[in-house]
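Let me begin by presenting the structure, written as structure tokens, before commenting on it.
Basis for what follows: all heavy atoms, side chains included, without hydrogens, waters or symmetry-related copies.
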Amino acid sequence: MQDDEHLGSAFAVLRVTTQLLDGIQQGLARRGFDDVRPMHGFAFVRISAGDATVVDLADYLGVTKQAAGQLVEQLAQRGYLTRKPHPHDGRARLLALTPRGHACTRGAEAAAAETVRAWETTLGREDFDALSATLATLVVPGRLRPLW
């Protein structure tokens, strides 16, 4: 029975994560950003931190350099990022979010807040605060990235 409870908790965390990602995707679509996917958002996190190259992005996302290069090409074509010459490495390009990329990031943040606000409505303030405190105890600081 104990393992069933632990497994049930694990699946509940995965389901709530899925609900959060779905809420962000739906919120982005309502805001006119229907051409981005969750992986793009994780890429935006690294790019917005500054001094990101394709190699940095690949390392951050845990994908190959080729996969990161394809992702960067897609995002550049869609107007979310630019590539500029690296001041210290002639072979590399620095990635930066465009105004559209920043607007998409703000939209994702707003959609995430809306999704979580709905959880607070469902749980009530006291239970929501308890959930938030429990999550803060469990979460280990680190990169916000998908695990493949």
Side-chain angles (χ1 to χ4, degrees), residues 6-7 9-123 125 127-148:
H6 292 129
L7 189 56
S9 293
F11 286 144
V13 170
L14 291 172
R15 284 188 192 102
V16 81
T17 301
T18 298
Q19 290 172 357
L20 177 60
L21 291 173
D22 287 348
I24 292 169
Q25 286 303 120
Q26 292 164 6
L28 283 172
R30 283 193 309 273
R31 290 167 172 84
F33 302 105
D34 59 354
D35 59 347
V36 292
R37 300 291 167 256
M39 184 175 12
H40 298 142
F42 290 110
F44 288 0
V45 168
R46 174 58 188 97
I47 294 166
S48 64
D51 294 331
T53 65
V54 169
V55 172
D56 296 325
L57 187 60
D59 179 59
Y60 183 82
L61 294 175
V63 299
T64 65
K65 189 171 99 170
Q66 292 77 13
Q70 290 173 347
L71 179 68
V72 165
E73 183 61 29
Q74 285 177 347
L75 293 173
Q77 288 178 358
R78 295 174 186 176
Y80 291 103
L81 65 81
T82 61
R83 295 170 280 202
K84 299 176 183 177
H86 194 291
H88 308 295
D89 183 349
R91 298 170 296 157
R93 300 281 179 259
L94 288 177
L95 308 175
L97 294 181
T98 63
R100 179 173 169 79
H102 286 291
C104 183
T105 299
R106 288 189 303 274
E109 290 169 353
E114 289 168 1
T115 302
V116 174
R117 209 170 8 261
W119 298 346
E120 180 183 2
T121 300
T122 299
L123 293 174
R125 184 65 194 189
D127 286 345
F128 179 79
D129 287 346
L131 173 65
S132 295
T134 300
L135 290 173
T137 300
L138 292 175
V139 170
V140 177
R143 299 190 269 191
L144 181 61
R145 71 178 185 103
L147 293 176
W148 309 111

Can you give each donor-acceptor pair under 3.5 Å made by side-chain atoms of residues 11-27, sequence neighbours left out, with the distance rounded to 0.1 Å?
residue	atom	partner	partner atom	Å
Thr17	OG1	Val13	O	2.8
Thr18	OG1	Leu14	O	3.0
Gln25	NE2	Val36	O	2.9

For residues 57-70, which side-chain donor-acceptor pairs fall under 3.5 Å, sequence neighbours excluded?
residue	atom	partner	partner atom	Å
Tyr60	OH	Leu144	N	3.3
Tyr60	OH	Leu144	O	2.6
Thr64	OG1	Ala67	N	3.0

Exercise for the section: Please identify each residue that fulfils side chain to side chain contact (heavy atoms under 4.5 Å, CB included) with Ala130, with sequence neighbours left out. Expected result: none
N/O donor-acceptor pairs under 3.5 Å from side chains in residues 100-113, not counting sequence neighbours:
residue	atom	partner	partner atom	Å
Arg100	NE	Arg78	O	3.2
Arg100	NH2	Tyr80	OH	2.9
Thr105	OG1	Gly101	O	3.0

Problem - Donor-acceptor pair between Asp56 and Thr53 side chains, under 3.5 angstrom - result: yes
Handout entry: Residue pairs passing the side chain to side chain donor-acceptor pair (under 3.5 Å) test where at least one lies in residues 39-52, sequence neighbours excluded
Key = His40-Gln74
Exercise for the section: Search all heavy atoms of His86 against all heavy atoms of His88 and return the closest pair with its distance. Expected result: ND1-N, 3.0 Å
Problem - Separation between CG of Leu81 and CZ of Phe44, rounded to the nearest 0.5 Å - result: 7.0 Å
Handout entry: Gap between atom CG of Leu75 and atom CE of Met39 - 0.5 Å precision
Key = 9.5 Å
Problem - Distance, nearest 0.5 Å, that separates CD1 of Ile47 from OG1 of Thr98 - result: 10.0 Å
Problem - From Leu95 atom CG to Lys84 atom NZ, the distance as rounded to the nearest 0.5 Å - result: 10.5 Å
Exercise for the section: Evaluate the criterion side chain to side chain contact (heavy atoms under 4.5 Å, CB included) for residue pair Val72 and Arg83; output intermediate values, then yes/no. Expected result: CA-CA 9 Å; Val72 165; Arg83 295 170 280 202; 3.7 Å; yes
Practice task
Taking side-chain hydrogen bond (donor to acceptor under 3.5 Å, both in side chains) as the test, write out the residues that go with Arg30, two or more places apart.
Solution key: Glu114
